[in-house]
Structures are given as C-alpha cells and as structure tokens.
Amino acid sequence: MGEVLFESSSLIIRAASTAQLLGMKLAAWRDTIDRSDARLLLSRMAGSSEEVWTAIKPFVPPPQLDKASYAFEDLWEALHGAS
Amino acid sequence: MELPDLVRAILEGDLLAARQWVADAHRAHMQWEHIEPPHGLSDREMSVAAALVELFASRAGGKPPSWTTKARALEEPLILDPGLEQMPRSFAHAKRYGPEPFRSRNLVVLPDFLEIA
C-alpha cells in the first residue's frame, strides 16, 4: 500500500502506491501520454518482469487484464529489452 | 472549441491538448449529431475530423452527422498516436481492434484513444 499522508483516530489517507498507479495506467493504455507515465512508474519498480506483474495485477480491473498484460509486455521490453 | 483545433492538435502529436479539448467538449455536452462540417481542411484533416466525430457520437450513444460519410480513407496508414509503432503488441492490437471510424479510414489508434476517464 502507498505511503500514509494523514492519520487521525477516525481517518487514514494513503497515497496510491507505484504498483497501483501503474496498474491503472496499463488498464487505461490510451495513448502516448499513458505510455510515458507508465514508463516512468515502471522505472521505479524493482524485480523481474514476473515479480513486477504480480505486484501490479491486483490493481487491474479484471475486464482490462488482457489489455494490461500485453501493454505490460510492450512496456517491459521498451524499458529493459526483450528477454 | 472548434473541431479543426482538435484535428490539428492530434496531427501535431499534441495529445495533451487533444485530451483537454475532448474533456471540455464533454463538459459542454456537445451534440455530435449537429456538428457542422469543418471548412478549410485538407482531405487528410477531413478524414481525421470525420473519424473523431463518428467516434465521439458512438461513445455518446448517438449518431454522427451525415457529412462524415463523405470523408474517405487515406491511401497509406497514418499513426495518430506518436510512438505506438514502437510497441509491437499494442500496435498490432490497434490495427486490429482500433475504433472502426479510424480503422476504416486507415488511421491507427488504440481502442480507447481519447477516452475520458
């Protein structure tokens, strides 16, 4: 989960985590703006492609999983090269 | 908010401006069926304009104006999303599943192009 920004006895506000934001961008995948944002977010995540996808997947709505999956593969290759 | 402004923003690759234009049009409840045909556009610009109006009309659950049917397909594919061709799976998906008003005119964009969040 993301960083806690505010906490009181009745309210906790968290920032969205990098994995959550990236999941949202991959689910959207509309154009070069989404790709550029996603690339920045992915550059801040450590691990293998399988590990990173496992972290992102819970934040992708099920109807967008196929799109997010091919988007992630394209993005991973663009950033890390083809394996 | 004139349609040629959106067309030119897209053809110049300024998708941030394009997104803002679409968001403004959505807030203004633009009636796509009643949009007048733009004047002073090249054939290429007219194809893009027609594709956009047909797409937005469809997303709004309505019909496009009749003038869009006169806008023809380009002879060569035109990628309206800068850098898309560098993403092989996404590019293939766009060519196969991109919005019909664009595919039918040889314009390449992803299925959710200019979709408002």
Side-chain angles (χ1 to χ4, degrees), chain A residues 2 13-45 48-83, chain B residues 5-26 48 51-52 54-56 58-60 77-103 105 107-117:
Chain A
I13 299 176
R14 289 183 179 276
S17 67
T18 301
Q20 183 176 6
L21 288 172
L22 181 50
M24 289 165 59
K25 283 294 173 182
L26 295 175
W29 209 241
R30 293 163 292 182
D31 56 27
T32 186
I33 299 172
D34 286 339
R35 292 195 298 276
S36 179
D37 290 345
R39 187 174 181 132
L40 175 62
L41 292 165
L42 182 59
S43 72
R44 299 195 174 170
M45 294 189 73
S48 67
S49 65
E50 291 77 19
E51 289 168 340
V52 173
W53 176 246
T54 299
I56 294 168
K57 192 175 172 185
F59 300 109
V60 178
Q64 275 84 50
L65 268 173
D66 282 347
K67 173 170 61 172
S69 174
Y70 77 69
F72 178 74
E73 288 178 32
D74 272 347
L75 189 67
W76 185 270
E77 283 181 9
L79 197 61
H80 298 287
S83 54
Chain B
D5 296 330
L6 175 61
V7 171
R8 288 182 191 120
I10 289 171
L11 287 171
E12 290 167 7
D14 188 352
L15 296 192
L16 200 57
R19 281 189 182 189
Q20 188 60 57
W21 194 103
V22 174
D24 290 344
H26 184 74
V48 175
L52 287 164
E54 287 182 1
L55 175 65
F56 298 146
S58 172
R59 286 179 177 168
L78 178 62
I79 303 167
L80 297 179
D81 182 1
L84 180 60
E85 67 280 10
Q86 295 162 12
M87 298 266 169
R89 297 167 192 80
S90 303
F91 187 52
H93 198 82
K95 287 196 293 184
R96 187 164 183 189
Y97 299 111
E100 193 278 336
F102 286 78
R103 278 187 295 110
R105 295 183 172 91
L107 303 169
V108 184
V109 296
L110 286 165
D112 296 318
F113 185 64
L114 293 177
E115 186 73 76
I116 298 172

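Reckoned from all heavy atoms, side chains included, excluding hydrogens, waters and symmetry mates. By convention in this document, chain letters (A, B, ...) are assigned in the order of the sequence lines, proteins followed by strands, and residues within each chain are numbered from 1.
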Top contributor to chain A interface from Ala94(B), Gly13(B), Pro88(B) [non-hydrogen pairs under 4.5 Å]: Pro88(B)
Option that, when pairs with chain A are counted at under 4.5 Å, heavy atom only, ranks first among Asp81(B), Leu84(B), Asp112(B), Leu110(B): Asp81(B)
More than 12 foreign heavy atoms under 6.0 Å from NE2 of His80(A): is that the case here? yes
Quick one: OG1 on Thr32(A) to CG on Leu16(B), what's the gap to the nearest 0.5 Å? 11.0 Å
Please report the interatomic distance CG(Asp31(A)) to CG(Leu80(B)), rounded to the nearest 0.5 Å. 11.5 Å
Does any backbone or side-chain atom of Ala78(A) lie under 4.5 Å from a heavy atom of chain B? Answer side chain, backbone, both or neither. side chain
Tell me the closest heavy-atom pair linking Ser90(B) and Ala71(A), and the distance in Å. OG-CA, 4.5 Å
Of all heavy-atom pairs linking Arg89(B) and Tyr70(A), the shortest is CD-O, 3.9 Å
With a 4.5 Å cut-off on side-chain heavy atoms, are Arg30(A) and Leu15(B) touching? no
Taking distance alone, no hydrogens or angles, what donor-acceptor pairs closer than 3.5 Å link side-chain atoms of residues 16-25 of chain A to residues at least two apart or in another chain?
residue  : atom : partner  : partner atom : Å
Ser17(A) : OG   : Gln20(A) : N            : 3.1
Lys25(A) : NZ   : Asp34(A) : OD1          : 3.3
Lys25(A) : NZ   : Asp37(A) : OD2          : 2.9

Under the side chain to side chain contact (heavy atoms under 4.5 Å, CB included) test, residues paired with Thr54(A) that sit two or more places apart: none
Chi angles and distances behind the side chain to side chain contact (heavy atoms under 4.5 Å, CB included) call for Trp29(A), Met87(B): CA-CA 12 Å; Trp29(A) 209 241; Met87(B) 298 266 169; 4.2 Å; yes
